[in-house]
Engineer: 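Take this structure, written in structure tokens, and hold onto it; I'll ask about it next.
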Number of protein chains: 2
Amino acid sequence: MTWLARVHVMLKPIVNDPQGEAILGALRSLQFGEVNQVRAGKYFEIQLDVPNRAAAERHADDMCRKLLANPVIEDYRIQIEDVSTPRDTV
Amino acid sequence: MTWLARVHVMLKPIVNDPQGEAILGALRSLQFGEVNQVRAGKYFEIQLDVPNRAAAERHADDMCRKLLANPVIEDYRIQIEDVSTPRDTV
């Protein structure tokens, strides 16, 4: 079966986010004065072939810890979706 | 009212994604052979003070077109959430 793992990686709330602050400054200079905070993060869509949802979750969590996120300063969250449609098997 | 706009920016499907391919290669070299595709994108959480949801959507869409996304090669999607909790008004 084919699964899609949607992975969000964000700096922990206590960690300063210079990219988000730069975007906030740029938005304000573009007259978006109503914006009061911006946090910038990374987003990955990962397709994987494993037999079940639990395995997909476990593998995606492994990938985050080993490569995609820096657990010292970043949090991540994973959503798993079944994408085993005929499209993928043709 | 305070709204949270969750913005995802991804390269259009027809556009080559070298960052995603590099991550795919790295995952395979870490023995994640079950992975068959990775797409890398950006994710922003933007807090804004506007009177209603429609205004929040319109402003977030403006921000994407003017700053956050390159509409020639990127798609974006916006989700709006009400975060007007007492925490924000204290």
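Both backbone and side-chain heavy atoms feed into the values below; hydrogens, waters and symmetry mates do not. Naming: A, B, ... by sequence-line order, numbering from 1 per chain.
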Engineer: Let me know if A:L30 has heavy atoms under 4.5 Å from chain B in its side chain, its backbone, both or neither.
Structural biologist: side chain
Engineer: Sort A:H59 into side chain, backbone, both or neither according to what part of it lies under 4.5 angstrom from a heavy atom of chain B.
Structural biologist: both
Engineer: Using a cut-off of under 4.5 Å on heavy-atom pairs, state which of B:M10, B:Q19, B:K66 scores highest against chain A.
Structural biologist: B:M10
Engineer: For chain B, find which of A:V50, A:L27, A:L68 contributes the most heavy-atom pairs closer than 4.5 angstrom.
Structural biologist: A:L27
Engineer: Relative to chain A, which of B:D62, B:L24, B:V9 shows the most heavy atom pairs under 4.5 Å?
Structural biologist: B:D62
Engineer: Quick one: what part of A:F44 sits under 4.5 Å from any heavy atom of chain B, side chain, backbone, both or neither?
Structural biologist: both
Engineer: May I ask you to decide if the ring planes of A:H8 and A:Y43 are parallel, tilted or perpendicular, using 30° and 60° as cut-offs?
Structural biologist: tilted
Engineer: In the single-linkage hydrophobic clustering (I, L, V, M, F, W, Y; side-chain heavy atoms under 4.5 Å), do B:F32 and A:V7 co-cluster?
Structural biologist: yes
Engineer: In plain terms, say whether A:D61 and A:R65 are close enough for a salt bridge, that is, a side-chain N and a carboxylate O under 4.0 Å apart.
Structural biologist: yes
Engineer: For the hydrophobic clusters of this structure (ILVMFWY residues joined by side-chain heavy atoms under 4.5 Å, transitively), does one cluster hold both B:L4 and B:L67?
Structural biologist: no
Engineer: Looking at side-chain heavy atoms only, is the closest gap between B:I23 and B:R39 below 4.5 Å?
Structural biologist: no
